[in-house]
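What follows is a single structure, written as C-alpha cells, with notes after it.
Index from 1, following the sequence. Both backbone and side-chain heavy atoms feed into the values below; hydrogens, waters and symmetry mates do not. When a ligand or atom number is given, it counts from 1 through the structure's own listing order. Only a predicted model underlies this, so the values are computations on that prediction, with no experimental measurement involved.
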Amino acid sequence: MTTVETKPAQNRATVRREAKIAIVGSGFAGLGMAVQLRQRGETDFVVLERADEVGGTWRDNTYPGAACDVQSNLYSFSFAPNPDWPRSYSEQPEIQAYLENTAARYGVYEHTVFGADVTAARWDDDAHQWIVLTTAGEFRAQVLISAAGALADPTYPDIEGLRSFEGELMHSARWDDAVDLDGKRVGVIGTGASAIQVVPAIQPQVESIAVYQRTAPWIVPRSDRPVKRSAQFLYRHLPLFQKAVRGLLYVFRELLVVGMTKRRRLLEPVQKVARAHLQRQVRDPKLRAALTPNFTIGCKRILISNDYYPAVAAPNAELVTSGIAEVRPHSVVTTDGVERPTDVLVLATGFHVTDLPIAEKIRGRDGRTLAQVWEDGMVTNRSTTVAGFPNMFLLVGPNVGVGHTSMVYMIESQVAYVDQALQVIDGEGLAALETTPEAQQAYRELIADKSKGTVWLAGGCASWYLDKHGHNSTLWPDFTFRFRKMLSAFDRENYVGVPAGRELEVAA
Ligand SMILES: Cc1cc2nc3c(=O)[nH]c(=O)nc-3n(C[C@H](O)[C@H](O)[C@H](O)COP(=O)(O)OP(=O)(O)OC[C@H]3O[C@@H](n4cnc5c(N)ncnc54)[C@H](O)[C@@H]3O)c2cc1C
C-alpha cells in the first residue's frame, strides 16, 4: 500500500493513498466533516487540499480589511466555541487562526495532504471506488466528499486590454502583500462584499482611488465592537452563556428570511435604515444618488460597513459609474472617454459560484462530468447528492448559500446528513449508495416552489445568486432551521444501495 506524508511538522503522519473516504478541501466544510469523522471514531479518511494550509476562504482572502460579516459567535463551529474572539466581527487573521487551531486540536492535519490539487475524479463502477487524480498523485476512495468551496475560485472580468496592464494587477482573493500601495494611484473594480472592505482599508494610504461601480449595493451600519474582557471571561467560564448569545444572534438573523422569501414588504424598514445610513454618511447629493441602489434591498447580498461611504466620499477617491471600455498598460479608460492613470488595479470581481470549477472535474457512472449533467442547471437531492454519482457528497453545494446568516450552520447540517449516509453504507455493508432521479426532481420542484416570489427573483437585480437561466441555484430559500430539519434524518428511501459484490441497477 503506497502512502504519502502530510505536511505540518507538528502533526507529521503518513496517509494511505487508498482510503475509505476522500474529502476535497479544508475550509470550514472540509474541516467540519473531518472533525465529525474523527469524533465518531472513523479515521480511514484523507483530506486533499490544493493549498499549503487549511482555512479555505480565510486562508485566501488576506486583503486589507477582510473580516466576516456575520458575528463570530455565530460564524464558528458549534463544537468549538471560541471565548477569545477579539471583536464581534472578527478579522481574517483571527478566523484563520481559529481554523488552524481547530484542525490541530481535532487531529485533522494528520489526515491532510497539502499541495494536492484535485484535477479529476472518476467513479470506477467495477471497483466501486473513486479514482482521484491530484497534483500530489493518485488516491482511491470508496466515498468522495467535495468540500471545494462555492467562493473559492476568483472570477477575472473579461475587459479588453486587461492582460496588457503593466502596473500591479491582483484579485482581492489573491492579495499580494508585497505590492506597495503608498502614494499609488489605485483602481478597484467591483463594489461587492470584498470591495466595500478593501476600499476603506487602503484609501487613506494611496494617492488616489477610483472605485469602478456597475451596481450600487445596499449597505447597513456595522455594529462591530471589541468584545469586553468581562464577556470573554463569561464565555470561557460559562459556555452556556456564549451558546445563548449565539442562539439570540441566530434568531435575529433568521427573521430577515421572512422578508426575503415571504413578505417582501418587511424589508422596507431595513431599506429605510440603509437609506438613512447613506444620507448620514454622504452629504453630496450627486454622489449619494450614484450610491443609491436601483433594486429592492436583499435582492443582492446586504452589505455592512461604517467606513465604505466615507472612504468613497474622501477627497482622494472617485466613484466611477461609467462602464470600463478598456484597460491600457498604465490606465483604465471608461466608456465616457475618460482615461485614469493607474498604478495598481484591484479586481474585487467575485467568484465562480454557479459554474463551480470542481463540477468540471468529477465524472460519474456514465463518464459525464457534474458540469455536463448540470448543463440545464444544478440539480441535487437535498443539495448534497446527485443521481449518477454514487458515494459522492457535496458540501456547500447548490442551494446551501445563505446571504443573511452563518454558512457554518448550513455546513454542520450537511455534515450530519453525510455522516448518517456513511453509517448507512457501513451498516448495510454497501459498496455504493446513490440517490434517485425522482428524489432530485422532487427537490428541484421544492426549491423552485420556495423561490417563487422571493426578493432574489423579484427584487429587480441581476445577482450572482441566479444561474444563467435565471434560476436560484445557490441560495436556500427558506428558514435555515428547515434546512437542518430536512437533513436531520437520512432519507434512505431516496437512495438505491448496492450490496458489496453486486452491480448498481438504477434507471439512467
Ligand atoms: C471574503 C469572504 C467573506 C466571507 N464572509 C462570510 C461571513 O461573514 N459569513 C458567512 O457565513 N460566510 C462568509 N463567506 C462565505 C464563506 O466562503 C463560507 O462561509 C465558508 O468559509 C465556506 O467554506 P467551504 O469549506 O465551503 O469553502 P472554502 O473555504 O472556499 O474552502 C474550500 C477549500 O477547497 C480547496 N479546493 C478547492 N478546489 C480544490 C481542488 N480541486 N483540489 C483540492 N482542493 C481544492 C480550496 O483551496 C479551499 O481550501 C465569505 C466568503 C468570502 C470570500
Atom 50 (C) of ligand 1 sits nearest the protein heavy atom T57 CG2, 4.0 Å

task: Decide whether the shortest distance between a heavy atom of T119 and an atom of ligand 1 is less than 4.0 Å.
output: no

Looking only at protein heavy atoms, what sits closest to atom 38 (N) of ligand 1 is R50 NH1, 3.4 Å

Logged contact type for A116 with ligand 1, heavy-atom cut-off 4.0 Å, is backbone

Quick look: V396 vs ligand 1, heavy-atom contacts under 4.0 Å, and the answer is side chain

Notebook entry, point to check: Will you find, in the side chains of S383 and Y443, an N or O donor that is under 3.5 Å from an N or O acceptor?
Noted result: yes

Check: Would you say Y63 touches ligand 1, if touching means a heavy atom closer than 4.0 Å?
Finding: yes

Salt bridge or not between R365 and D125? Use side-chain N to carboxylate O under 4.0 Å. no

Kindly confirm or rule out an N or O of D117 lying under 3.5 angstrom from an N or O of ligand 1. yes

Salt bridge R105-E100, side-chain N to carboxylate O under 4.0 Å
no

Of all protein heavy atoms, the one nearest atom 25 (O) of ligand 1 is A29 N, 2.9 Å

With heavy atoms and a 4.0 Å threshold, my read on which part of I358 contacts ligand 1 is side chain

With a cutoff of 4.0 Å, is Q197 in contact with ligand 1, counting heavy atoms of the residue only?
no

Do W476 and D478 have a side chain donor and acceptor closer than 3.5 Å?
no

Sorted by chain and number, sequence neighbours left out, salt bridge (charged side-chain N to carboxylate O under 4.0 Å, His left out) with D44 holds for R16

For atom 19 (O) of ligand 1, the closest protein heavy atom turns out to be Y75 OH, 2.6 Å

Closest to atom 11 (O) of ligand 1 among protein heavy atoms sits M407 N, 2.8 Å

Sorted by chain and residue number, the salt bridge (charged side-chain N to carboxylate O under 4.0 Å, His left out) partners of R174 (sequence neighbours excluded) come out as D60

Inset, instruction - Kindly assign one of parallel, tilted or perpendicular to the pair W218 and F295, based on the angle between their ring planes and the thresholds 30° and 60°. - result: perpendicular

So the atoms of ligand 1 within less than 4.0 Å of a heavy atom of T405 turn out to be 11 (O)

Does ligand 1 have an atom that lies less than 4.0 angstrom from a heavy atom of A66?
no

